[in-house]
Structure formats: C-alpha cells, structure tokens
Participant: 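Below: one structure in structure tokens.
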Amino acid sequence: QVRPVESGGGSVQSGGSLKLSCILTGRRLGHYCMAWYRQTPGKEREGLAAIGYEGDTEYRDSVKGRFTISQNSAKNTTYLEMSSLEPSDTAMYHCAARLMGPYDYCQSSWALFGHLGRGTQVTVSS
C-alpha cells in the first residue's frame with residue numbers, strides 16, 4: 001500500500017527554521033509527483049510545493065524564497081526545508097504522492113488527488 005509518512009514538525013520561534021521529511025512507503029519514488037501542503041482548522045488545504053520525478057519544482061508564491069523542496073531517491077524521501085518561519089505558517093503539514101503519466105505536470109494541487117499522509121504539526125510562536 002502506498003502511503004506517505006511525514007516527520008520533522010515541531011515548535012519554533014518566529015524567524016526559525018525546520019526541515020520536514022516524507023518517506024514514501026510501499027513504492028519507490030520512481031515516477032511519483034511528491035508535494036507538500038498544509039491545513040489549519042476551518043481553512044482549505046494550501047498547496048505549498050511540488051517536485052516531479054525529473055526534479056522540476058513548483059512553489060506557492062507566498063513561500064518562494066523561504067521553502068525548498070528536495071528529494072533523496074536512495075532514501076525514498078522528500079524534504080521541505082522551511083526558513084524565516086512566521087506565526088502564519090502554523091499548520092498541520094502533509095505530504096502527497098501521485099503517480100505521473102507521460103503527459104502529467106507535477107503541481108501541488110494535482111498531487112492532492114493522490115495518496116495523502118497524516119501530517120506533522122508545525123507551530124511558530126511570535
């Protein structure tokens with residue numbers, strides 16, 4: 001069974017950094033589009049970043065320059081490095097995985113229709 005499993009969340013002060021990890025269990029990363037999104041109670045899911053199997057990346061405008069998505073194929077892991085964190089970044093962060101076809105384009109909004117992880121909580125205090 002394909003399942004993304006997140007880790008690395010925690011509590012930091014404003015201006016701090018965190019690095020989240022997402023291990024894809026049940027399959028090799030291979031031709032998967034991997035993405036990160038976040039959700040807070042009462043709000044819609046917010047796609048943050050995505051990385052395709054060829055290394056192409058996509059970011060939400062509000063996190064460009066602060067968040068970086070990357071992969072280590074040998075560890076079957078996708079990362080989200082976050083810096084200059086603000087209280088507004090407080091949320092449950094989830095990982096998504098969706099198998100790509102030859103004509104698919106990897107975007108976080110597209111990956112949300114794939115396999116979703118249970119999330120890791122990030123709390124930023126002022």
Participant: State yes or no: do L20 and V12 share one hydrophobic cluster built from I, L, V, M, F, W and Y residues joined by side-chain heavy-atom distances below 4.5 Å, directly or via other members?
Facilitator: yes
Participant: Using every non-hydrogen atom in the two residues, find where A49 and S108 come nearest and quote the distance to one decimal.
Facilitator: O-CB, 3.8 Å
Participant: How many angstroms lie between atom OG1 of T123 and atom CD of Q13, to the nearest 0.5 angstrom?
Facilitator: 12.5 Å
Participant: Please report the closest heavy-atom contact between P87 and S125, naming both atoms and the distance.
Facilitator: CG-C, 4.4 Å
Participant: What distance separates K19 NZ from L80 CG, expressed to the nearest 0.5 Å?
Facilitator: 10.5 Å
Participant: Please check: side-chain N/O of Q107 versus main-chain N/O of A50, any donor-acceptor pairing under 3.5 Å?
Facilitator: no
Participant: Is the backbone of T25 close enough, under 3.5 Å, to the side chain of N76 for a donor and an acceptor to pair up by distance?
Facilitator: no
Participant: Are the side chain of E6 and the backbone of R118 linked by a donor-acceptor contact shorter than 3.5 Å?
Facilitator: yes
Participant: Scan for disulfide (SG to SG under 2.5 Å) pairs involving residues 80-126, sequence neighbours excluded, and state none if there are none.
Facilitator: C22-C95, C33-C106
Participant: I'd like to know if the side chain of Y59 reaches the main chain of I69, judged simply by a donor and an acceptor atom lying under 3.5 Å from each other, with no hydrogens or angles considered.
Facilitator: yes
Participant: Return yes if some donor-acceptor pair links the side-chain N/O of S21 with the main-chain N/O of S7 below 3.5 Å, else return no.
Facilitator: no
Participant: Going through the checks in order, is the side chain to side chain contact (heavy atoms under 4.5 Å, CB included) test met by I51 and Y32?
Facilitator: CA-CA 9 Å; I51 185 166; Y32 276 87; over 6 Å; no
Participant: Step by step, would you call H94 with L116 a side chain to side chain contact (heavy atoms under 4.5 Å, CB included)?
Facilitator: CA-CA 7 Å; H94 300 264; L116 308 180; 5.9 Å; no
Participant: Short question: side chain of R38, backbone of L48 - any donor-acceptor pair under 3.5 Å?
Facilitator: no
Participant: I need the minimum non-hydrogen distance between M34 and L29, along with the two atoms involved.
Facilitator: CG-CD2, 3.7 Å
Participant: With a 3.5 Å distance limit and no angle check, can you tell me whether T90 reaches the backbone of V124 through a side-chain donor-acceptor pair?
Facilitator: yes
Participant: Can you give me the closest heavy-atom contact between E81 and S70, atom names plus distance?
Facilitator: OE2-OG, 4.5 Å
Participant: Find out if a path of hydrophobic residues (ILVMFWY) with successive side-chain heavy-atom gaps under 4.5 Å connects V122 to Y79.
Facilitator: no
Participant: How many angstroms lie between CZ in F67 and OG1 in T57, if you round to the nearest 0.5 Å?
Facilitator: 14.5 Å
Participant: Would you find a donor on one side and an acceptor on the other, under 3.5 Å apart, between the side chain of H31 and the backbone of L99?
Facilitator: no
Participant: Kindly write out the residues that satisfy side-chain contact (heavy atoms from CB on, under 4.5 Å) with E86, not counting sequence neighbours, or none if the list is empty.
Facilitator: R66, S88, D89
Participant: Go through it in stages, so that I can follow the logic: the residues are E46 and V63, the test is side chain to side chain contact (heavy atoms under 4.5 Å, CB included), and I'd like the CA-CA distance, side-chain angles, deciding distance and then a yes or no.
Facilitator: CA-CA 11 Å; E46 187 176 59; V63 304; over 6 Å; no
Participant: Taking salt bridge (charged side-chain N to carboxylate O under 4.0 Å, His left out) as the definition, give me every residue that meets it alongside K43, ordered by chain and number, with sequence neighbours left out.
Facilitator: none
Participant: Determine the minimum heavy-atom distance between T40 and A91, stating which atoms define it.
Facilitator: CG2-CB, 3.4 Å
Participant: If every non-hydrogen atom of Y53 is compared with every non-hydrogen atom of M100, which pair is closest and at what distance?
Facilitator: CD2-SD, 3.6 Å
Participant: Check whether R60 reaches the backbone of Y37 with its side chain - one donor and one acceptor, N or O, closer than 3.5 Å.
Facilitator: no
